[in-house]
Visitor: 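Pasting a structure below so you can have a look.
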Amino acid sequence: MSPAFRAMDVEPRAKGILLEPFVHQVGGHSCVLRFNETTLCKPLVPREHQFYETLPAEMRKFTPQYKGVVSVSFEEDEDRNLCLIAYPLKGDHGTMDSVDNSDCEPKSKLLRWTNKKHHVLETEKIPKDWVRQHRKEEKMKSHKLEEEFEWLKKSEVLYYSVEKKGNVSSQLKHYNPWSMKCHQQQLQRMKENAKHRNQYKFILLENLTSRYEVPCVLDLKMGTRQHGDDASEEKAANQIRKCQQSTSAVIGVRVCGMQVYQAGSGQLMFMNKYHGRKLSVQGFKEALFQFFHNGRYLRRELLGPVLRKLTELKSVLERQESYRFYSSSLLVIYDGKERPEVALDSDAEDLEDLSEESADESAGAYAYKPIGTSSVDVRMIDFAHTTCRLYGEDSVVHEGQDAGYIFGLQSLIDIVTEISEESGE
């Protein structure tokens with residue numbers, strides 16, 4: 001165990017980093033926050049932290065890169081806005097220094113915004129009646145947004161039309177209901193405990209979506225069993241019921257969340273875990289088809305790379321002795337912003353000069369092929385209930401491979417193969 005993990009004291013006079021909601025979180029109940037463009041952080045669970053520090057080398061390409069531990073405080077700015085601030089742990093100067101913080105939001109930025117607002121009110125001498133009316137209107141807007149947010153949380157599948165000519169990724173930030181839900185709940189939990197505790201350990205992990213302009217994200221709950229060995233009877237019974245009532249019991253996998261940008265129709269689609277639990281096996285297959293569909297046609301070029309990575313992951317897990325990845329998820333990520341396409345008879349100069357905009361404008365006029373190879377990522381996440389004999393502290397020690405997880409992977413491989421074959425791949 002590292003000194004950074006044992007030490008809880010925050011380094012005095014340390015520079016804090018303002019944490020923001022991670023807008024591409026589509027599943028899970030633990031809040032994931034944005035530390036910077038390439039790094040995320042989430043509440044530290046000892047077992048998950050242990051997994052990342054000891055995971056087998058051949059599994060590293062299928063998990064996010066682990067970057068260390070920070071201390072997170074729940075604070076309020078001068079306007080009583082709630083915020084979460086990350087600080088390095090005492091004696092652990094390297095963790096935050098080793099992460100590129102050039103695009104982080106410094107804590108002082110909140111104070112600058114606040115001071116600027118007060119300065120405007122003072123220097124321009126705005127009438128008090130106007131200020132009161134303005135505050136009243138802002139309060140009404142806030143109340144309306146809260147009502148809309150409550151409606152969003154109850155909606156299991158949502159569609160939004162976006163401006164295709166605008167910045168789609170920036171529009172995405174305002175729509176993801178699951179991300180907002182998790183962030184709100186995390187703030188509420190920390191606020192309720194603020195009198196007793198105001199420092200929490202969070203782990204830093206690689207942001208798997210950072211290299212995609214408009215990330216399409218599929219969160220799959222893997223395995224035929226979801227409860228850990230340490231679960232209470234009530235918890236275990238609840239998890240068993242969820243598996244029996246979903247595709248988990250039949251094919252070892254179910255949809256836990258989905259975010260898709262369909263460039264052809266200009267729509268964003270979100271699906272949450274509650275809808276995922278209701279899907280039949282055929283419904284699960286249709287959801288996967290929808291995930292790889294851009295609104296005009298199936299992104300067939302993604303299916304081959306996905307199948308190769310799933311097959312490789314299955315092979316890796318078949319070699320892992322004693323591991324059980326209970327309640328773990330598998331992420332599949334690709335870019336909804338497609339690469340430029342060119343006419344099949346274009347020469348080399350055309351390939352160099354063609355911009356993405358011109359490709360979009362001329363789509364459908366010729367026969368096209370994509371430039372380069374489309375990138376798709378497959379990663380395991382969420383290891384709070386993972387167990388292995390190497391940990392040496394669990395009451396139950398399992399033998400052999402995680403058959404439930406591997407069964408789910410094989411089902412996934414079979415279904416993606418069916419989609420590929422039926423689409424004429």
Side-chain angles (χ1 to χ4, degrees), residues 20-28 32-40 64 103 152 157-183 205-220 255-272 287-303 305-306 309 329-342 354-364 368-379 381:
E20 301 175 338
F22 175 54
V23 298
H24 302 303
Q25 180 179 0
V26 299
V32 179
L33 298 165
R34 181 187 182 277
F35 183 85
N36 64 19
E37 183 66 27
T38 60
T39 307
L40 305 177
D103 66 335
L152 286 174
V157 181
L158 294 168
Y159 288 88
Y160 295 99
S161 294
V162 299
E163 294 290 336
K164 288 195 277 187
K165 291 184 179 180
N167 187 326
V168 177
S169 58
S170 65
Q171 295 179 65
L172 192 65
K173 296 178 181 179
H174 303 292
Y175 289 127
N176 188 334
W178 196 258
S179 172
M180 292 189 292
K181 178 179 185 288
C182 292
H183 186 66
L205 297 171
E206 173 189 5
N207 178 4
L208 300 173
T209 69
S210 63
R211 60 195 179 99
Y212 301 106
E213 187 174 344
V214 186
C216 293
V217 184
L218 177 64
D219 187 325
L220 298 170
V255 174
C256 191
M258 186 191 302
Q259 166 183 296
V260 186
Y261 171 59
Q262 298 175 330
S265 60
Q267 283 192 320
L268 283 169
M269 189 275 280
F270 297 96
M271 180 186 296
N272 69 22
L288 253 64
F289 181 90
Q290 190 173 24
F291 177 68
F292 291 112
H293 203 280
N294 76 346
R296 287 182 299 172
Y297 54 82
L298 188 69
R299 296 282 301 275
R300 296 186 184 91
E301 79 278 7
L302 300 170
L303 302 182
V306 166
K309 292 189 178 186
S329 283
L330 188 70
L331 291 184
V332 181
I333 311 170
Y334 70 89
D335 204 333
K337 184 73 171 179
E338 296 179 60
R339 290 168 180 252
E341 297 177 326
V342 296
L354 184 65
S355 66
E356 191 166 343
E357 290 75 20
S358 63
D360 289 341
E361 289 170 3
S362 59
Y368 288 94
K369 62 179 179 180
I371 296 176
T373 304
S374 294
S375 172
V376 62
D377 209 352
V378 174
R379 304 286 188 107
I381 61 166

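Only this structure's heavy atoms are used, side chains among them; waters, hydrogens and symmetry mates stay out.
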Visitor: For Leu218 and Leu288, what are the C-alpha separation, side-chain angles and deciding distance, and is it a side-chain contact (heavy atoms from CB on, under 4.5 Å)?
Guide: CA-CA 9 Å; Leu218 177 64; Leu288 253 64; 4.0 Å; yes
Visitor: So which atom in Glu338 and which in Ala263 form the shortest heavy-atom distance, rounded to 0.1 Å?
Guide: OE2-CB, 4.3 Å
Visitor: What distance do Leu158 atom CG and Leu268 atom CG have between them, rounded to the nearest 0.5 Å?
Guide: 10.5 Å
Visitor: Are any non-hydrogen side-chain atoms of Val255 and Phe291 less than 4.5 angstrom apart?
Guide: no
Visitor: Does the side chain of Leu331 come within less than 4.5 Å of Asp377's, by heavy atoms?
Guide: no
Visitor: Do you know which two heavy atoms are closest between Pro64 and Ile381, and how far apart they sit?
Guide: CG-CG2, 3.9 Å
Visitor: Arg211 and Ser375: which non-hydrogen atoms are nearest, and at how many Å?
Guide: NH1-OG, 2.8 Å
Visitor: Side chain of Glu213, backbone of Lys337: donor and acceptor closer than 3.5 Å?
Guide: no
Visitor: I want to check something: taking the side chain as every heavy atom from C-beta on, are Ile333 and Val376 in contact at a cut-off of under 4.5 Å?
Guide: no
Visitor: Distance check, rounded to the nearest 0.5 Å: Ser265 atom OG versus Arg296 atom CZ?
Guide: 9.5 Å
Visitor: Partners of Asn207 by side chain to side chain donor-acceptor pair (under 3.5 Å), sequence neighbours excluded?
Guide: Thr209
Visitor: Name the orientation class of the two ring planes belonging to His24 and Phe22 (parallel below 30°, tilted from 30 to 60°, perpendicular beyond 60°).
Guide: perpendicular
Visitor: Is there a side-chain contact between Val157 and Met271, using heavy atoms and a 4.5 Å cut-off?
Guide: yes
Visitor: Any chance you could measure Cys256, atom SG, to Leu220, atom CG, to the nearest 0.5 Å?
Guide: 8.5 Å
Visitor: Identify the heavy atoms of His293 and Val260 that sit nearest to each other, and give their distance.
Guide: O-CG1, 4.2 Å
Visitor: Run the side chain to side chain donor-acceptor pair (under 3.5 Å) test against Glu206 and tell me which residues pass, sequence neighbours left out.
Guide: Arg379
Visitor: Applying side-chain contact (heavy atoms from CB on, under 4.5 Å) to Asp335 and Val214, what does each step give before you reach the verdict?
Guide: CA-CA 5 Å; Asp335 204 333; Val214 186; 4.0 Å; yes
Visitor: Starting at CE of Met269, measure out to OH of Tyr261 and round the result to the nearest 0.5 Å.
Guide: 14.5 Å
Visitor: What is the ring orientation for Tyr334 with Phe292, classed by angle as parallel under 30°, tilted 30 to 60°, or perpendicular over 60°?
Guide: parallel
Visitor: Can you find a heavy atom in the side chain of Leu298 that is under 4.5 Å from one in the side chain of Leu303?
Guide: yes
Visitor: State the CG-CZ distance between Leu40 and Phe35, to the nearest 0.5 angstrom.
Guide: 11.0 Å
Visitor: When you measure from the side chain of Glu37 to the backbone of Thr39, do you find a donor-acceptor pair of N or O atoms at a distance under 3.5 Å?
Guide: no
